[in-house]
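Comments concern the structure below.
All chains are named by letter (A, B, ...) in the order of the sequence lines, taking the proteins before the strands, and each is independently numbered beginning at 1.
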Number of protein chains: 2
Amino acid sequence: MDIHHLITKLREKGHKITPQRLAICELVLSSKDHPTADQIYKKLKQKFPTISLATVYQTLHLLKDLGLLLELGFPDCSARFDPNISPHIHIICLKCGKIEDYETENLKEQWAKIVKDIGVEPIIQRLDLYIYCDKCKKNQ
Amino acid sequence: MDIHHLITKLREKGHKITPQRLAICELVLSSKDHPTADQIYKKLKQKFPTISLATVYQTLHLLKDLGLLLELGFPDCSARFDPNISPHIHIICLKCGKIEDYETENLKEQWAKIVKDIGVEPIIQRLDLYIYCDKCKKNQ
DNA sequence: GTTTTAAATAGGAACAATTTTTAGTTAGTA
DNA sequence: TACTAACTAAAAATTGTTCCTATTTAAAAC
(Lines give C-alpha, C1' and ligand atoms only; values in the text may rest on other atoms or scores of the structure.)
Protein backbone atom coordinates (compact mmCIF):
# COMPACT_ATOMS: atom_id res chain seq x y z
CA MET A 1 0.00 0.00 0.00
CA ASP A 2 1.67 3.19 -1.13
CA ILE A 3 1.30 6.40 0.78
CA HIS A 4 -0.75 8.29 -1.81
CA HIS A 5 -3.29 5.53 -2.02
CA LEU A 6 -3.56 5.60 1.74
CA ILE A 7 -4.05 9.36 1.83
CA THR A 8 -6.78 9.08 -0.79
CA LYS A 9 -8.49 6.36 1.19
CA LEU A 10 -8.38 8.39 4.40
CA ARG A 11 -9.70 11.52 2.68
CA GLU A 12 -12.53 9.52 1.08
CA LYS A 13 -13.76 8.55 4.52
CA GLY A 14 -13.42 12.12 5.80
CA HIS A 15 -10.34 11.60 7.92
CA LYS A 16 -7.76 14.29 8.28
CA ILE A 17 -4.17 13.80 7.22
CA THR A 18 -2.01 14.65 10.18
CA PRO A 19 1.72 14.08 10.51
CA GLN A 20 1.19 11.74 13.49
CA ARG A 21 -1.39 9.70 11.63
CA LEU A 22 0.80 9.39 8.57
CA ALA A 23 3.81 8.37 10.62
CA ILE A 24 1.86 5.70 12.50
CA CYS A 25 0.37 4.34 9.27
CA GLU A 26 3.67 4.26 7.44
CA LEU A 27 5.40 2.54 10.34
CA VAL A 28 2.84 -0.18 10.94
CA LEU A 29 1.90 -0.84 7.33
CA SER A 30 5.53 -1.44 6.39
CA SER A 31 6.42 -3.52 9.44
CA LYS A 32 7.18 -7.20 9.14
CA ASP A 33 7.28 -8.02 12.83
CA HIS A 34 3.70 -7.72 14.17
CA PRO A 35 4.43 -4.86 16.55
CA THR A 36 2.44 -3.94 19.64
CA ALA A 37 0.91 -0.49 20.05
CA ASP A 38 3.51 0.29 22.69
CA GLN A 39 6.40 -0.66 20.39
CA ILE A 40 5.05 1.66 17.72
CA TYR A 41 4.56 4.38 20.31
CA LYS A 42 8.12 4.08 21.58
CA LYS A 43 9.60 4.21 18.07
CA LEU A 44 7.57 7.27 17.13
CA LYS A 45 8.50 9.12 20.30
CA GLN A 46 11.90 9.83 18.79
CA LYS A 47 10.32 11.80 15.98
CA PHE A 48 7.26 13.07 17.90
CA PRO A 49 8.30 13.50 21.53
CA THR A 50 4.80 14.47 22.65
CA ILE A 51 2.82 11.76 20.89
CA SER A 52 0.44 9.81 23.10
CA LEU A 53 -0.29 6.13 23.23
CA ALA A 54 -4.00 6.88 22.83
CA THR A 55 -3.31 8.44 19.44
CA VAL A 56 -1.43 5.34 18.38
CA TYR A 57 -4.28 3.09 19.44
CA GLN A 58 -6.84 5.30 17.75
CA THR A 59 -4.96 5.31 14.45
CA LEU A 60 -4.39 1.57 14.53
CA HIS A 61 -8.11 1.02 15.01
CA LEU A 62 -8.78 3.35 12.15
CA LEU A 63 -6.59 1.22 9.88
CA LYS A 64 -8.32 -1.86 11.20
CA ASP A 65 -11.73 -0.41 10.36
CA LEU A 66 -10.50 0.40 6.87
CA GLY A 67 -9.57 -3.27 6.51
CA LEU A 68 -5.86 -2.56 6.14
CA LEU A 69 -4.73 -4.09 9.38
CA LEU A 70 -5.39 -7.22 11.40
CA GLU A 71 -5.35 -6.96 15.18
CA LEU A 72 -4.16 -10.14 16.83
CA GLY A 73 -5.40 -10.60 20.39
CA PHE A 74 -3.39 -12.89 22.66
CA PRO A 75 -4.28 -14.31 26.05
CA ASP A 76 -1.55 -12.98 28.28
CA CYS A 77 0.02 -10.10 26.44
CA SER A 78 -0.66 -7.02 24.34
CA ALA A 79 -2.41 -7.12 21.00
CA ARG A 80 -0.13 -7.21 17.98
CA PHE A 81 -0.82 -5.61 14.63
CA ASP A 82 -0.33 -7.30 11.28
CA PRO A 83 -0.41 -5.31 8.02
CA ASN A 84 -0.46 -8.49 5.97
CA ILE A 85 -4.13 -9.13 5.34
CA SER A 86 -3.73 -11.87 2.74
CA PRO A 87 -3.88 -15.51 3.89
CA HIS A 88 -0.72 -16.58 5.69
CA ILE A 89 0.14 -18.65 8.74
CA HIS A 90 1.62 -17.32 11.96
CA ILE A 91 4.00 -19.89 13.36
CA ILE A 92 4.03 -18.98 17.03
CA CYS A 93 6.18 -20.36 19.83
CA LEU A 94 4.06 -21.21 22.87
CA LYS A 95 6.94 -20.39 25.16
CA CYS A 96 8.68 -17.23 23.93
CA GLY A 97 5.86 -15.90 21.76
CA LYS A 98 8.03 -15.37 18.69
CA ILE A 99 5.99 -15.13 15.49
CA GLU A 100 7.17 -16.20 12.06
CA ASP A 101 5.13 -15.90 8.90
CA TYR A 102 4.56 -18.65 6.37
CA GLU A 103 3.12 -17.48 3.08
CA THR A 104 3.07 -19.40 -0.20
CA GLU A 105 0.96 -19.45 -3.31
CA ASN A 106 -0.02 -23.02 -2.57
CA LEU A 107 -1.30 -22.08 0.86
CA LYS A 108 -3.38 -19.26 -0.60
CA GLU A 109 -4.93 -21.68 -3.08
CA GLN A 110 -5.67 -24.28 -0.42
CA TRP A 111 -7.21 -21.71 1.86
CA ALA A 112 -9.34 -20.29 -0.93
CA LYS A 113 -10.69 -23.78 -1.62
CA ILE A 114 -11.55 -24.31 2.03
CA VAL A 115 -13.33 -20.96 2.25
CA LYS A 116 -15.25 -21.75 -0.93
CA ASP A 117 -16.40 -25.05 0.58
CA ILE A 118 -17.66 -23.26 3.67
CA GLY A 119 -19.62 -20.91 1.43
CA VAL A 120 -19.27 -17.65 3.33
CA GLU A 121 -18.00 -14.27 2.23
CA PRO A 122 -14.60 -13.89 3.89
CA ILE A 123 -13.42 -10.52 5.19
CA ILE A 124 -10.15 -11.54 6.73
CA GLN A 125 -8.56 -14.54 8.39
CA ARG A 126 -6.15 -15.47 11.14
CA LEU A 127 -4.24 -18.72 10.91
CA ASP A 128 -2.06 -19.57 13.89
CA LEU A 129 0.09 -22.66 14.22
CA TYR A 130 1.52 -23.10 17.71
CA ILE A 131 4.83 -24.84 18.23
CA TYR A 132 7.89 -24.81 20.46
CA CYS A 133 10.69 -23.06 18.60
CA ASP A 134 14.18 -24.58 18.35
CA LYS A 135 15.60 -22.17 20.88
CA CYS A 136 12.96 -22.95 23.48
CA LYS A 137 13.25 -26.68 22.84
CA LYS A 138 16.97 -26.50 23.63
CA ASN A 139 16.65 -24.39 26.77
CA GLN A 140 14.32 -26.92 28.29
CA MET B 1 -12.56 -36.75 27.32
CA ASP B 2 -14.31 -38.74 30.01
CA ILE B 3 -14.09 -37.78 33.63
CA HIS B 4 -12.04 -40.75 34.85
CA HIS B 5 -9.40 -40.17 32.26
CA LEU B 6 -9.23 -36.54 33.32
CA ILE B 7 -8.87 -37.46 37.00
CA THR B 8 -6.07 -39.87 36.16
CA LYS B 9 -4.31 -37.19 34.15
CA LEU B 10 -4.60 -34.64 36.95
CA ARG B 11 -3.33 -37.12 39.57
CA GLU B 12 -0.38 -38.07 37.35
CA LYS B 13 0.77 -34.47 37.38
CA GLY B 14 0.25 -34.21 41.13
CA HIS B 15 -2.87 -32.07 41.09
CA LYS B 16 -5.56 -32.53 43.67
CA ILE B 17 -9.10 -33.44 42.74
CA THR B 18 -11.38 -30.81 44.23
CA PRO B 19 -15.10 -30.46 43.62
CA GLN B 20 -14.61 -26.97 42.16
CA ARG B 21 -11.90 -28.16 39.84
CA LEU B 22 -13.96 -31.10 38.63
CA ALA B 23 -17.01 -28.92 38.05
CA ILE B 24 -15.03 -26.34 36.07
CA CYS B 25 -13.38 -29.04 33.97
CA GLU B 26 -16.62 -30.87 33.28
CA LEU B 27 -18.37 -27.67 32.31
CA VAL B 28 -15.74 -26.27 29.97
CA LEU B 29 -14.64 -29.55 28.41
CA SER B 30 -18.21 -30.38 27.41
CA SER B 31 -19.13 -26.90 26.20
CA LYS B 32 -19.77 -26.19 22.56
CA ASP B 33 -19.97 -22.41 22.78
CA HIS B 34 -16.45 -21.15 23.59
CA PRO B 35 -17.36 -19.65 26.96
CA THR B 36 -15.51 -16.88 28.76
CA ALA B 37 -14.11 -17.38 32.25
CA ASP B 38 -16.82 -15.13 33.61
CA GLN B 39 -19.61 -17.13 31.96
CA ILE B 40 -18.24 -20.31 33.53
CA TYR B 41 -17.94 -18.53 36.88
CA LYS B 42 -21.53 -17.31 36.79
CA LYS B 43 -22.91 -20.75 35.88
CA LEU B 44 -20.97 -22.45 38.65
CA LYS B 45 -22.02 -19.93 41.28
CA GLN B 46 -25.41 -21.64 41.42
CA LYS B 47 -23.82 -24.86 42.62
CA PHE B 48 -20.85 -23.30 44.46
CA PRO B 49 -21.99 -19.95 45.85
CA THR B 50 -18.54 -19.06 47.19
CA ILE B 51 -16.47 -20.00 44.15
CA SER B 52 -14.07 -17.31 43.02
CA LEU B 53 -13.22 -16.12 39.56
CA ALA B 54 -9.53 -16.63 40.34
CA THR B 55 -10.17 -20.35 40.82
CA VAL B 56 -11.91 -20.52 37.47
CA TYR B 57 -9.00 -18.83 35.72
CA GLN B 58 -6.48 -21.01 37.50
CA THR B 59 -8.26 -24.21 36.52
CA LEU B 60 -8.69 -23.12 32.92
CA HIS B 61 -4.97 -22.41 32.69
CA LEU B 62 -4.28 -25.80 34.18
CA LEU B 63 -6.31 -27.47 31.43
CA LYS B 64 -4.52 -25.32 28.89
CA ASP B 65 -1.14 -26.43 30.22
CA LEU B 66 -2.27 -30.04 29.99
CA GLY B 67 -3.07 -29.41 26.32
CA LEU B 68 -6.79 -30.05 26.77
CA LEU B 69 -7.99 -26.53 26.11
CA LEU B 70 -7.29 -23.71 23.70
CA GLU B 71 -7.46 -20.15 24.97
CA LEU B 72 -8.63 -17.71 22.31
CA GLY B 73 -7.49 -14.17 22.95
CA PHE B 74 -9.46 -11.36 21.32
CA PRO B 75 -8.62 -7.68 20.96
CA ASP B 76 -11.51 -5.99 22.69
CA CYS B 77 -13.11 -8.60 24.88
CA SER B 78 -12.49 -11.48 27.24
CA ALA B 79 -10.62 -14.59 26.29
CA ARG B 80 -12.78 -17.54 25.28
CA PHE B 81 -12.00 -21.18 25.92
CA ASP B 82 -12.33 -23.96 23.38
CA PRO B 83 -12.17 -27.63 24.38
CA ASN B 84 -11.94 -28.71 20.76
CA ILE B 85 -8.23 -29.02 20.13
CA SER B 86 -8.42 -30.74 16.76
CA PRO B 87 -8.21 -28.64 13.59
CA HIS B 88 -11.39 -26.69 12.92
CA ILE B 89 -12.31 -23.23 11.76
CA HIS B 90 -13.96 -20.55 13.88
CA ILE B 91 -16.30 -18.55 11.70
CA ILE B 92 -16.50 -15.29 13.61
CA CYS B 93 -18.72 -12.27 12.98
CA LEU B 94 -16.69 -9.07 13.11
CA LYS B 95 -19.69 -7.17 14.41
CA CYS B 96 -21.47 -9.28 17.03
CA GLY B 97 -18.64 -11.68 17.82
CA LYS B 98 -20.69 -14.84 17.36
CA ILE B 99 -18.53 -17.90 16.78
CA GLU B 100 -19.55 -20.94 14.74
CA ASP B 101 -17.39 -23.98 14.21
CA TYR B 102 -16.64 -25.63 10.89
CA GLU B 103 -15.08 -29.06 11.16
CA THR B 104 -14.85 -31.66 8.40
CA GLU B 105 -12.60 -34.57 7.58
CA ASN B 106 -11.56 -32.84 4.39
CA LEU B 107 -10.44 -29.76 6.33
CA LYS B 108 -8.39 -31.87 8.71
CA GLU B 109 -6.66 -33.53 5.76
CA GLN B 110 -5.96 -30.23 4.03
CA TRP B 111 -4.60 -28.70 7.20
CA ALA B 112 -2.39 -31.74 7.88
CA LYS B 113 -0.91 -31.36 4.39
CA ILE B 114 -0.19 -27.69 4.93
CA VAL B 115 1.49 -28.37 8.28
CA LYS B 116 3.55 -31.14 6.71
CA ASP B 117 4.74 -28.73 4.02
CA ILE B 118 5.83 -26.24 6.65
CA GLY B 119 7.80 -28.96 8.35
CA VAL B 120 7.27 -28.09 11.98
CA GLU B 121 5.95 -30.13 14.87
CA PRO B 122 2.48 -28.74 15.57
CA ILE B 123 1.15 -28.49 19.13
CA ILE B 124 -2.16 -26.82 18.45
CA GLN B 125 -3.72 -24.44 15.95
CA ARG B 126 -6.21 -21.62 15.75
CA LEU B 127 -8.03 -21.00 12.48
CA ASP B 128 -10.29 -17.96 12.40
CA LEU B 129 -12.35 -16.84 9.44
CA TYR B 130 -13.89 -13.41 9.96
CA ILE B 131 -17.17 -12.50 8.28
CA TYR B 132 -20.31 -10.46 8.81
CA CYS B 133 -23.09 -12.81 9.85
CA ASP B 134 -26.52 -12.72 8.18
CA LYS B 135 -28.12 -11.02 11.16
CA CYS B 136 -25.55 -8.22 11.25
CA LYS B 137 -25.70 -7.81 7.46
CA LYS B 138 -29.45 -7.19 7.72
CA ASN B 139 -29.30 -4.74 10.64
CA GLN B 140 -26.92 -2.53 8.73
C1' DG C 1 -9.42 -43.18 61.91
C1' DT C 2 -6.39 -39.35 63.03
C1' DT C 3 -2.75 -36.39 62.09
C1' DT C 4 0.09 -34.03 59.00
C1' DT C 5 1.33 -31.19 55.14
C1' DA C 6 1.34 -29.41 50.84
C1' DA C 7 -1.76 -27.57 47.72
C1' DA C 8 -6.08 -25.29 46.54
C1' DT C 9 -9.63 -21.87 47.41
C1' DA C 10 -11.97 -17.36 48.25
C1' DG C 11 -12.10 -12.73 48.18
C1' DG C 12 -10.28 -8.68 47.56
C1' DA C 13 -6.47 -5.81 46.16
C1' DA C 14 -3.37 -4.87 42.55
C1' DC C 15 -2.00 -4.58 37.88
C1' DA C 16 -1.59 -3.54 33.05
C1' DA C 17 -3.59 -2.86 28.60
C1' DT C 18 -6.81 -0.20 26.53
C1' DT C 19 -10.42 3.33 26.20
C1' DT C 20 -12.69 7.51 27.43
C1' DT C 21 -12.83 12.25 28.61
C1' DT C 22 -11.80 16.93 28.13
C1' DA C 23 -9.70 20.96 26.71
C1' DG C 24 -6.98 22.84 23.43
C1' DT C 25 -5.11 22.53 18.49
C1' DT C 26 -5.12 21.87 13.55
C1' DA C 27 -6.24 20.43 8.69
C1' DG C 28 -8.99 21.32 5.05
C1' DT C 29 -12.95 23.89 3.19
C1' DA C 30 -15.27 28.00 1.76
C1' DT D 1 -8.46 34.40 6.44
C1' DA D 2 -12.07 32.40 9.13
C1' DC D 3 -14.57 28.47 10.26
C1' DT D 4 -15.56 23.94 11.92
C1' DA D 5 -15.28 19.21 12.31
C1' DA D 6 -11.84 16.25 13.44
C1' DC D 7 -7.69 15.47 15.79
C1' DT D 8 -4.26 15.38 19.64
C1' DA D 9 -2.37 14.98 24.37
C1' DA D 10 -2.65 14.06 29.03
C1' DA D 11 -4.97 12.37 32.58
C1' DA D 12 -8.50 9.61 34.46
C1' DA D 13 -11.39 5.67 34.10
C1' DT D 14 -12.32 1.08 32.92
C1' DT D 15 -11.92 -3.77 32.44
C1' DG D 16 -10.06 -8.37 32.18
C1' DT D 17 -6.85 -10.90 34.56
C1' DT D 18 -3.45 -11.99 38.07
C1' DC D 19 -1.57 -11.69 42.64
C1' DC D 20 -1.76 -12.06 47.59
C1' DT D 21 -2.69 -14.35 51.84
C1' DA D 22 -5.48 -16.33 55.40
C1' DT D 23 -8.25 -20.24 55.52
C1' DT D 24 -9.69 -24.66 54.05
C1' DT D 25 -9.14 -29.20 52.12
C1' DA D 26 -7.39 -33.49 49.71
C1' DA D 27 -4.54 -37.03 50.19
C1' DA D 28 -0.45 -39.07 52.25
C1' DA D 29 1.57 -40.79 56.53
C1' DC D 30 0.96 -42.65 60.76
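When heavy atoms are screened at a 4.0 angstrom cut-off, B/Gln58 is found touching base atoms of the nucleic acid. Note on B/Pro49: nothing from the nucleic acid sits closer than 4.0 angstrom, heavy atoms only. Within the 4.0 angstrom heavy-atom criterion, no nucleotide atom of any strand lies near A/Ala37. Nucleic acid contact class of A/Ala54 (heavy atoms, under 4.0 Å, all strands): base.
Across the protein-nucleic acid pair, B/Ile51 atom CD1 and D/dT24 atom P stand 17 Å apart, rounded to whole Å. The separation between B/Lys64 atom NZ and D/dT17 atom P is 11 Å, rounded to whole Å. Straight-line distance from the OH atom of B/Tyr57 to the P atom of C/dA16: 17 Å, rounded to whole Å. Taking atom CD of B/Gln20 as the reference point, atom C1' of D/dT25 lies 9 Å away to the nearest angstrom. Here the P atom of nucleotide D/dT17 and the CG atom of B/Asp76 are 12 Å apart, to the nearest Å. What separates CG of B/Leu22 from P of C/dT9 is a distance of 10 Å, to the nearest Å.
The side chain of B/Arg11 lies closest to D/dA27 when the candidates are D/dA27, D/dA26, C/dA8.
Each of A/Arg21 and B/Lys16 lies near DNA chain D, and the nucleotide nearest A/Arg21 is the one positioned closer to the 5' end. Toward the 5′ end of DNA chain C lies the nearest nucleotide of B/Gly14, the other residue of the pair B/Thr50 and B/Gly14 mapping further downstream.
The main-chain N or O of B/Pro35 is never found under 3.5 Å from a side-chain atom of B/Arg80 such that the two would form a donor-acceptor pair.
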